[in-house]
Asker: 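There's a structure below that I have some questions on.
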Amino acid sequence: MFRYHKTESGYKIFSKNLFCGLIYDNDHVIMSSNQPDYFCHYFDLRRDYGSIKQALSGYPNLTQALEFGKGIRILNQDPAETVFSFIVSANNNIPRIRQIIQKLCDKFGEDMGAYRAFPTASRLARASLSQLYEAGTGYRAEYILQAAGAIRDGFLQDLSKMDTQTARKHLMSLKGIGGKVADCILLFGYHREDVFPTDVWIARVYEKYYAHCGQCTREQMALELCKLFGNLSGYAQQYLFYHIRQTQKYNKYI
DNA sequence: CACCAGGTCTCTC
DNA sequence: GAGAGACATGGT
């Protein structure tokens, strides 16, 4: 999600220790990878998004977002990479998130020849606080270190067996992981569809289109939106997020 | 030089 | 449990 580079004709994308190139050619995309099966799953290519969009079209205030984000797919990312990435994302902007993650790869990732892998949890667990500060993580350095140790010791081992709410609480027991980050990890790392990551942008959407209570917290918004969208929550969130994020200012970053 | 960024933590009451 | 402030860092 945060490890991609635009090229003349497409994108270079990195996940874990793997690489994938995308070339846009008229109406189709050519994928080349050292691990095509992995990236078919990564891009969620086997899923029928047409029926998801059809189901979502019955909901209020989504028509425009569905059209705007017609090519959206929910990525299946590596769970550990997702944990570290979204710890970094908190109270941060996208260019800097990408920069920090790049530096973490440069400093701690395995050398794959043409690029560096995302660092493993056990490698990050052996990093020093000052090394993590050097990567620009700031006050999140200790969160990363703690999460790295926990994951190395099996923290994520049983997560896929837990129901969503149990898994969410489990993730939130780590410092640096609150409700929003936990929901992102569940959505992008475990493809849990019954979460609604609620950040500043979704909060704005909520207040504009879906507000039921006058003054409610992000947690309450997420709960209400989940109740409304059920197992389509994760998808609805992505369409709404992408739409507002691209059409409201700050789109200079992309 | 303030203010902000895909929030969370830590204190209070 | 709800409500303020702090929080590294880099960009505007």
Asker: Go through the structure and list residues passing salt bridge (charged side-chain N to carboxylate O under 4.0 Å, His left out) with A/Glu134, not counting sequence neighbours.
Answerer: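 A/Glu134: salt bridge (charged side-chain N to carboxylate O under 4.0 Å, His left out) contacts with A/Lys107.
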Asker: Let me know the distance between CG of A/Asn91 and C1' of C/dG10, rounded to the nearest Å.
Answerer: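 Between C1' of C/dG10 and CG of A/Asn91: 12 Å.
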Asker: Taking side chain to side chain donor-acceptor pair (under 3.5 Å) as the definition, give me every residue that meets it alongside A/Thr164, ordered by chain and number, with sequence neighbours left out.
Answerer: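 Per chain and number, A/Thr164 pairs via side chain to side chain donor-acceptor pair (under 3.5 Å) with A/Arg192, A/Asp194.
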Asker: Return each pair, listed once, that meets side-chain hydrogen bond (donor to acceptor under 3.5 Å, both in side chains) where at least one residue sits in residues 26-42 of chain A; pairs must be two or more places apart or across chains.
Answerer: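 Pairs touching residues 26-42 of chain A that pass the test: A/Ser15-A/Tyr38, A/Asn34-A/Tyr115.
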Asker: Heavy atoms within less than 4.0 Å of DNA chain B: which residues of residues 66-88 of chain A have one? Give them sorted by number.
Answerer: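 DNA chain B contact set from residues 66-88 of chain A: none.
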Asker: Salt bridge or not between A/Glu219 and A/Lys180? Use side-chain N to carboxylate O under 4.0 Å.
Answerer: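 A/Lys180 and A/Glu219: not salt-bridged.
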Asker: Could you list the residues that satisfy ring-ring contact (aromatic ring centres under 6.0 Å, His included) with A/Phe118, not counting sequence neighbours?
Answerer: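 By the ring-ring contact (aromatic ring centres under 6.0 Å, His included) rule, A/Phe118 matches no residue at all.
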Asker: Just the rounded figure in Å: distance from P of C/dC7 to CZ of A/Arg96.
Answerer: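 Answer to the nearest Å: 16 Å.
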Asker: What is the ring orientation for A/Phe229 with A/Phe196, classed by angle as parallel under 30°, tilted 30 to 60°, or perpendicular over 60°?
Answerer: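 Geometry flag for A/Phe196 against A/Phe229: tilted rings.
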Asker: Salt bridge or not between A/Arg218 and A/Glu224? Use side-chain N to carboxylate O under 4.0 Å.
Answerer: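 The answer is no: the pair does not qualify as a salt bridge.
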Asker: What parts of residues 134-144 of chain A reach DNA chain B, counting only heavy atoms under 4.0 Å away?
Answerer: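 Of all residues in residues 134-144 of chain A, the ones placing a heavy atom under 4.0 Å from DNA chain B are A/Tyr139, A/Tyr143.
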Asker: I need the CG-C1' distance between A/Leu240 and B/dG6, as an integer number of Å.
Answerer: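 Those two atoms, CG and C1', are 14 Å apart.
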Asker: Without decimals, in angstroms, what is the distance between A/Leu132 CG and C/dT9 C1'?
Answerer: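 For the pair A/Leu132 CG and C/dT9 C1', the rounded distance is 15 Å.
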Asker: Among all residues two or more places apart in sequence or in another chain, which pass the salt bridge (charged side-chain N to carboxylate O under 4.0 Å, His left out) test with A/Asp153?
Answerer: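 So A/Asp153 forms no salt bridge (charged side-chain N to carboxylate O under 4.0 Å, His left out) with any residue.
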Asker: Roughly how many Å is it from CG in A/Leu186 to C1' in B/dG6, rounded to a whole number?
Answerer: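 Taking CG of A/Leu186 and C1' of B/dG6, I get 16 Å after rounding.
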Asker: Does the side-chain ring of A/Trp201 sit on the six-membered ring of the B/dG6 base, less than 5.5 Å centre to centre and under 30° in tilt?
Answerer: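 No, A/Trp201 does not stack on the base of B/dG6.
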Asker: Specify the separation, in whole Å, of atom CD1 of A/Ile94 and atom C1' of B/dG7.
Answerer: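 Checked: the CD1 to C1' distance equals 14 Å.
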Asker: Atom CG of A/Asp183 to atom C1' of B/dG6: distance rounded to whole Å?
Answerer: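 Result: 12 Å.
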Asker: Do any pairs count as a ring-ring contact (aromatic ring centres under 6.0 Å, His included) and have a residue in residues 125-177 of chain A, sequence neighbours left out, and if so which ones?
Answerer: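 Those involving residues 125-177 of chain A are A/Phe155-A/His170.
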Asker: Please tabulate the protein-to-nucleotide N/O contacts below 3.5 Å involving nucleotides 2-6 of chain C, giving atom names and distances.
Answerer:
none

Asker: Tell me which residues in residues 164-178 of chain A lie within less than 4.0 Å of DNA chain B, going by non-hydrogen atoms.
Answerer: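 A/Leu174, A/Lys175, A/Gly176, A/Ile177, A/Gly178, in order of number.
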Asker: Using a cut-off of under 3.5 Å, enumerate the N/O to N/O pairs linking the protein to nucleotides 1-3 of chain B.
Answerer:
none

Asker: List the residues meeting salt bridge (charged side-chain N to carboxylate O under 4.0 Å, His left out) with A/Asp44, not counting sequence neighbours, and say none if there are none.
Answerer: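 By the salt bridge (charged side-chain N to carboxylate O under 4.0 Å, His left out) rule, A/Asp44 matches A/Arg47.
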Asker: With rounding to the closest Å, how many angstrom separate the P atoms on C/dG3 and B/dG6?
Answerer: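 Going atom to atom, P in each nucleotide, I get 25 Å.
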Asker: Given side chains that start at C-beta, do those of A/Tyr210 and A/Pro60 come closer than 4.5 Å, heavy atoms only?
Answerer: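 Contact flag for A/Tyr210/A/Pro60 side chains = yes.
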Asker: Is there a side-chain contact between A/Arg3 and A/Arg98, using heavy atoms and a 4.5 Å cut-off?
Answerer: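 They are not in contact (no side-chain heavy atoms under 4.5 Å apart), so the answer is no.
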Asker: Do A/Asp183 and A/Arg168 have side chains that get closer than 4.5 Å, going by heavy atoms?
Answerer: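 Yes, their side chains come closer than 4.5 Å.
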Asker: Hey, what's the ring geometry for A/Tyr49 with A/Tyr235, parallel, tilted or perpendicular (30° and 60° as the breaks)?
Answerer: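 Geometry flag for A/Tyr235 against A/Tyr49: perpendicular rings.
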Asker: Does the side chain of A/Lys16 come within less than 4.5 Å of A/Thr120's, by heavy atoms?
Answerer: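 A/Thr120 does not reach A/Lys16 side chain to side chain.
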Asker: Hey, does A/Phe86 have a side-chain heavy atom less than 4.5 Å from the side chain of A/Thr82?
Answerer: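 Result yes, sub-4.5 Å side-chain heavy-atom pair found.
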Asker: Please report the distance, rounded to the nearest Å, between CG in A/Asn93 and P in B/dG6.
Answerer: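 Atom-to-atom, A/Asn93 to B/dG6, this comes out as 6 Å.
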Asker: Which whole number of Å gives the distance between the C1' atom of C/dA8 and that of B/dC4?
Answerer: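 14 Å, rounded to whole Å.
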